[in-house]
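As structure tokens, the structure follows; a few thoughts come after it.
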Amino acid sequence: FVSWDQACMRGVNERGLAFTMSWAQPLADVEPDCTTAEGIDYEQFGRMFLGEAASVGEAIEMLECSRRAIHGNFLFADATGEMALMEVGTERLNTETRTTDGWLARTNHWVSPEMAARGHGGDDASSTMVRLRRMEELLAARTGSIDVAYLTECYRDHDTLEATGWGICGHSHEGPHQGVRIGTASVEIMTPADRTMHYC
């Protein structure tokens with residue numbers, strides 16, 4: 001029972017737009033969450049992005065021009081090679097990165113000064129922080145030569161598990177660290193120029 005249950009929340013369309021999202025939630029005293037906000041929900045936005053957008057710019061415009069009952073980190077990429085990381089709240093949003101070069105990584109919190117104070121982030125030992133630091137480390141190590149095979153290995157990574165209790169792959173780990181173990185919901189690796197999505 002999650003807010004995006006049955007929603008189309010990741011994919012690549014025939015025009016070469018790819019998108020996915022990771023959950024990030026606003027603080028209750030800052031702005032409404034998706035259950036109380038009035039606006040377009042996850043299901044409708046997913047259909048809009050994949051049904052109507054052909055570019056990163058068009059997807060961003062949809063977010064900016066619509067009332068939103070969604071929140072999270074939205075990653076867009078298109079067949080031209082442009083990509084963007086949007087930190088989206090029900091009342092505020094921020095284009096955290098928009099580029100045609102390099103890589104982006106995000107887990108379950110907002111990082112920009114504009115949005116970080118508006119959402120749940122956790123401390124340095126939290127799952128979202130540990131996983132983001134590790135993914136950034138792995139991607140930085142292969143800048144310029146990241147491919148589908150390497151990303152597959154990144155998503156299987158357990159390197160930080162023993163020391164922190166958390167790993168990029170979060171399939172019901174047990175160990176000395178206590179806490180909620182939701183597990184990895186899904187992994188997708190998209191190549192919009194090829195209109196391809198690898199999904200697990």
Side-chain angles (χ1 to χ4, degrees), residues 2 4-24 40-66 68 70-88 93-108 110-111 128 131-159 167-171 183-200:
V2 292
W4 61 91
D5 184 40
Q6 304 301 315
C8 180
M9 288 312 305
R10 57 241 327 114
V12 183
N13 69 16
E14 70 279 0
R15 298 178 188 129
L17 177 80
F19 92 102
T20 188
M21 62 85 67
S22 64
W23 183 260
I40 299 174
D41 64 14
Y42 290 99
E43 169 73 17
Q44 293 169 309
F45 263 119
R47 292 187 181 282
M48 285 170 54
F49 295 144
L50 293 177
E52 300 174 28
S55 68
V56 167
E58 289 177 7
I60 291 172
E61 186 176 355
M62 287 177 183
L63 285 169
E64 291 175 338
C65 296
S66 304
R68 300 176 304 275
I70 61 172
H71 43 79
N73 289 308
F74 285 73
L75 177 63
F76 298 101
D78 64 32
T80 70
E82 184 174 15
M83 58 185 167
L85 190 289
M86 299 292 297
E87 297 175 320
V88 178
L93 61 84
N94 177 53
T95 305
E96 199 276 327
T97 303
R98 189 169 178 182
T99 185
T100 57
D101 186 36
W103 49 265
L104 301 171
R106 198 60 81 242
T107 50
N108 302 109
W110 294 321
V111 302
T128 186
R131 289 181 292 113
L132 179 59
R133 279 194 305 266
R134 177 63 176 155
M135 184 59 97
E136 288 176 337
E137 175 185 304
L138 290 168
L139 294 176
R142 286 283 293 267
T143 297
S145 60
I146 297 168
D147 57 16
V148 171
Y150 184 67
L151 287 172
T152 301
E153 293 308 310
C154 291
Y155 288 125
R156 292 177 176 156
D157 186 80
H158 299 113
D159 187 75
I168 290 174
C169 178
H171 288 108
T184 298
S186 70
V187 171
E188 49 279 343
I189 300 171
M190 292 173 260
T191 53
D194 300 330
R195 279 63 166 175
T196 301
M197 178 172 77
H198 303 267
Y199 182 81
C200 179

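- Listed for the Thr191 side chain is no donor-acceptor partner under 3.5 Å among the backbone atoms of Asp194.
- Asn108 contributes no side-chain N or O that, together with a main-chain N or O of Ala24, makes up a donor-acceptor pair within less than 3.5 Å.
- The two residues Gly16 and Pro192 come nearest to each other via the heavy atoms O-CB, 3.1 Å.
- Put simply, the side chain of Ser186 never gets that close to the backbone of Cys200: no donor and acceptor are under 3.5 Å apart.
- You'll find the side chain of Ile189 stays beyond 4.5 Å of the side chain of Met197, heavy atoms only.
- In plain terms, the two heavy atoms of Ala84 and Val56 that are nearest each other are CB-CG1, 3.5 Å.
- A perpendicular orientation is assigned to the rings of Phe49 and Phe74, their planes being inclined by more than 60° (bins at 30° and 60°).
- The line from CE of Met135 to CG of Asp157 is 8.0 Å long, rounded to the nearest 0.5 Å.
- Within the 4.5 Å cutoff, the side chain of Cys8 has heavy atoms near those of the Leu50 side chain.
- Looking at Ile40 and Arg68, their side chains never come closer than 4.5 Å, going by heavy atoms from C-beta outward.
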How far apart are the C-alpha atoms of Met21 and Ile70, what are their side-chain angles, what is the distance that settles it, and do they pass the side chain to side chain contact (heavy atoms under 4.5 Å, CB included) test?
CA-CA 11 Å; Met21 62 85 67; Ile70 61 172; over 6 Å; no
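- Between Glu153 and Arg156 there is a salt bridge, since a side-chain N of the basic residue sits under 4.0 Å from a carboxylate O of the acidic one.
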Should Thr99 and Glu82 be marked as a side chain to side chain contact (heavy atoms under 4.5 Å, CB included) after you check the CA-CA gap, both sets of side-chain angles, and the distance that decides it?
CA-CA 6 Å; Thr99 185; Glu82 184 174 15; over 6 Å; no
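- The environment of CZ in Arg142 is crowded: more than 12 heavy-atom neighbours from other residues, nucleotides or ligands sit within 6.0 Å.
- Here the shortest heavy-atom pairing between Gly46 and Phe19 reads CA-CZ, 3.8 Å.
- When every heavy atom of Tyr155 is checked against every heavy atom of Val187, the shortest pair comes out as CD1-CG1, 3.2 Å.
- A salt bridge links Arg106 with Glu96; the closest basic N to acidic carboxylate O contact falls under 4.0 Å.
- Here the straight-line distance linking atom SG of Cys154 with atom CD of Glu137 works out to 10.0 Å at 0.5 Å rounding.
- Counting heavy atoms from C-beta outward, Glu52 and Met62 have side chains that approach closer than 4.5 Å.
- When side chains are defined from C-beta on, Tyr199 does not count as touching Met190, because their heavy atoms never get closer than 4.5 Å.
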From CA spacing to verdict: side chain to side chain donor-acceptor pair (under 3.5 Å), Asn13, Arg195
CA-CA 7 Å; Asn13 69 16; Arg195 279 63 166 175; over 6 Å; no
Side chain to side chain contact (heavy atoms under 4.5 Å, CB included) for Thr143 and Trp103? Distances and angles first, verdict last.
CA-CA 8 Å; Thr143 297; Trp103 49 265; 3.0 Å; yes
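- The distance from atom CZ of Phe76 to atom CG of Leu63, rounded to the nearest 0.5 Å, is 4.5 Å.
- Going from atom CZ of Arg133 over to atom CD of Glu136 covers 9.0 Å, rounded to the nearest 0.5 Å.
- The closest donor-acceptor contact from the side chain of Asp41 to the backbone of Glu43 lies under 3.5 Å.
- Between Ile168 and Leu138, some side-chain heavy-atom pair lies under the 4.5 Å cut-off.
- By the 4.5 Å heavy-atom criterion applied to side chains, Val111 and Leu132 are counted as neighbours.
- Within the 4.5 Å cutoff, side-chain heavy atoms of Ser66 are placed close to those of Phe45.
- Exactly one residue among Asn73, Leu139, Leu75 makes a side chain to side chain contact (heavy atoms under 4.5 Å, CB included) with Leu104. That residue is Leu75.
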Kindly determine whether Ile60 and Met86 satisfy side chain to side chain contact (heavy atoms under 4.5 Å, CB included), including the steps that lead there.
CA-CA 8 Å; Ile60 291 172; Met86 299 292 297; 3.7 Å; yes
Let's go through Glu188 and Thr20 carefully: what are the C-alpha distance in whole Å and the side-chain angles of both, what is the deciding distance for side chain to side chain donor-acceptor pair (under 3.5 Å) to 0.1 Å, and is it a yes or a no?
CA-CA 8 Å; Glu188 49 279 343; Thr20 188; 2.6 Å; yes
Arg98/Thr95 under side chain to side chain donor-acceptor pair (under 3.5 Å): CA gap, chis, key distance, verdict
CA-CA 7 Å; Arg98 189 169 178 182; Thr95 305; over 6 Å; no
